Amino acid sequence: MDEAARGLLGVLLVREGDGGRRVGRIVEVEAYAGPEDRASHARFGPRSRAAAMFGPPGIAYVYGVYGMHTCLNVVVGPAGRGAAVLLRGIEPLEGVVRMRAGRLARAVASRRVAAADPAAEAARIARLPAERLAAGPANLAAAFGVDRGDDGCDLLDPAGPLRLEADGIGAPRLEIRATARIGVAYAGPGWADRPWRFVASRPLAPSPQA
DNA sequence: ACTCAGATTAGCT
DNA sequence: GCTAATCTGAGTA
C-alpha cells in the first residue's frame, strides 16, 4: 500500500493534447487504503462517487471537493481492493506555459475571481515560479487540465491523453519524508495520524562527496 | 427532501 | 492563523 505510493514518487505524469504537451515529475503523494481506512473515500463503498477506486490498478480516480477543486488519484493494488494514491505535488518539466493556462482557466471559472479581477489573477499566475504551478492536489489537477471526465481513465495506456510514464533515465535519487496525511483529522486516531503522506525532496544533485 | 461537511486554496488580520 | 468561496453527495446533524 504505502509501497505503491512511494513507488509513484519520481514517476512522470504526462498530459497530451488540449493545446500542448505537459510533463512533470511526481514529488508528493498520499496513500489511501480500502474501506477500512476511515480517511479514504473507499469507505463509502464501490457504488459511491469513489467507485473508480475499486477498479483495476492504474486507472484514475478523480473527485471534486469544496465545490471548486478537483483531485487526481491513481488506483493501486488489485481490482476490488479500493486503494488509491492521491497525487499532491508535481515538479513541472515540460509545458509550463500550458500549466499556467490550466491554472488560469480554473481561476476564471470561479465566480469570485471572474467578478473581482481576472487580469490581476492572470498576472499573479504569470508570476508564480514553475515549481508552484502543480503544488497541492487541486493545483496539480488544474495545471494538468484534469477534470471529472478523466475519472476512470487508464493512466497506463501508452497512447492515453493522460498517463503515467516511468522516467527513461531510471529512478532519480530521492530523499523521501513520511508524514501524516493532510486534511483527514475526522478519520480519528489510528488513521488520521498514519504516516502515509510521502514527500520527495527535489531529485538530489550528485552529492559533492560522492 | 434537506442539511452538513469535505483528501483545498488564497487572501487578509 | 482564520475564513470565505462553492457544490456534490452522504447521512439524516
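Note that this is a predicted model, so its numbers are computed, not measured. By convention in this document, chain letters (A, B, ...) are assigned in the order of the sequence lines, proteins followed by strands, and residues within each chain are numbered from 1.
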- prompt: Using 30° and 60° as the class limits, which term best fits the ring planes of H69(A) and Y66(A): parallel, tilted or perpendicular?
  reply: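 Rings of H69(A) and Y66(A): perpendicular, over 60°.
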Are OP1 or OP2 of [N] and a side-chain N or O of [X] less than 4.0 angstrom apart?
X       : N       : value
R112(A) : dT9(B)  : no
H69(A)  : dT9(B)  : no
R197(A) : dA7(B)  : no
R181(A) : dT8(B)  : no
R103(A) : dA10(B) : yes

task: Work out which heavy atom in R81(A) is nearest to a heavy atom in A33(A); give both atom names and the distance.
output: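 Result for this residue pair: NH2-CB, 4.3 Å.
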[X] [atom1] - [N] [atom2] separation (whole Å):
X       : N       : atom1 : atom2 : answer
E121(A) : dG11(B) : CD    : P     : 6 Å
Y63(A)  : dG6(B)  : OH    : P     : 13 Å
R111(A) : dC7(C)  : CZ    : P     : 5 Å
L104(A) : dA10(B) : CG    : C1'   : 15 Å
M68(A)  : dC7(C)  : CE    : P     : 8 Å
Y61(A)  : dG9(C)  : OH    : C1'   : 10 Å
F44(A)  : dG6(B)  : CZ    : C1'   : 9 Å
E28(A)  : dA7(B)  : CD    : P     : 16 Å

[N] and [M]: how far apart are their [atom1] atoms, nearest whole angstrom?
N      : M       : atom1 : result
dG1(C) : dA7(B)  : P     : 23 Å
dG9(C) : dA13(C) : C1'   : 15 Å
dT6(C) : dC2(B)  : P     : 23 Å

Residue [X], side-chain atoms from C-beta onward, closest of [options]:
X       : options                  : result
V65(A)  : dT6(C), dG6(B), dT9(B)   : dG6(B)
R148(A) : dA10(B), dT8(C), dA10(C) : dT8(C)
N139(A) : dA10(B), dA10(C), dA7(B) : dA10(B)
S48(A)  : dA10(C), dA7(B), dT8(B)  : dA10(C)

query: Want to settle it: does G67(A) or R49(A) sit nearer the 5' end of DNA chain C, counting the closest nucleotide to each?
result: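 Going by which nucleotide is closer to the 5' end, it is G67(A).
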- request: Quick one: look up who dA1(B) pairs with, Watson-Crick or G-U, both distances under 3.5 Å, and put none if it's unpaired.
  value: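 Because both required distances fall under 3.5 Å, dA1(B) counts as paired with dT12(C).
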field: Strand partner of dT6(C), provided both Watson-Crick or wobble distances fall under 3.5 Å
entry: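 Here dT6(C) is not engaged in any pair, so there is no nucleotide opposite it.
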message: By the 4.0 Å heavy-atom rule, please label G183(A) as base, sugar-phosphate, or nothing.
response: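 The answer is sugar-phosphate, as G183(A) gets under 4.0 Å only of primed atoms, P, OP1 or OP2.
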query: Touch check for A138(A), heavy atoms < 4.0 angstrom, all strands: base, sugar-phosphate only, or nothing?
result: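 Touches sugar-phosphate only.
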task: Report the C-alpha separation of L72(A) and F144(A) in whole Å, then their side-chain angles, then the decisive distance to 0.1 Å, and conclude whether the side chain to side chain contact (heavy atoms under 4.5 Å, CB included) test is met.
output: CA-CA 10 Å; L72(A) 171 64; F144(A) 279 80; over 6 Å; no
message: Quick check on side chain to side chain contact (heavy atoms under 4.5 Å, CB included): which of V29(A), L156(A), L155(A) does V74(A) satisfy it with?
response: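 It is L155(A), the one option of V29(A), L156(A), L155(A) that forms the side chain to side chain contact (heavy atoms under 4.5 Å, CB included) with V74(A).
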Option among R181(A), R88(A), R6(A) that satisfies the salt bridge (Lys or Arg N to Asp or Glu O under 4.0 Å) test with E30(A):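 For E30(A), the salt bridge (Lys or Arg N to Asp or Glu O under 4.0 Å) check succeeds only for R88(A).
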task: Answer yes or no: is there an ion pair linking R49(A) with D151(A), defined by an N-O contact shorter than 4.0 Å?
output: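 The answer is no: the pair does not qualify as a salt bridge.
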message: Quiz question: going by heavy-atom distance under 3.5 Å, is there a donor-acceptor pair between the base of dA5(C) and the side chain of Y66(A)?
response: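 There is none.
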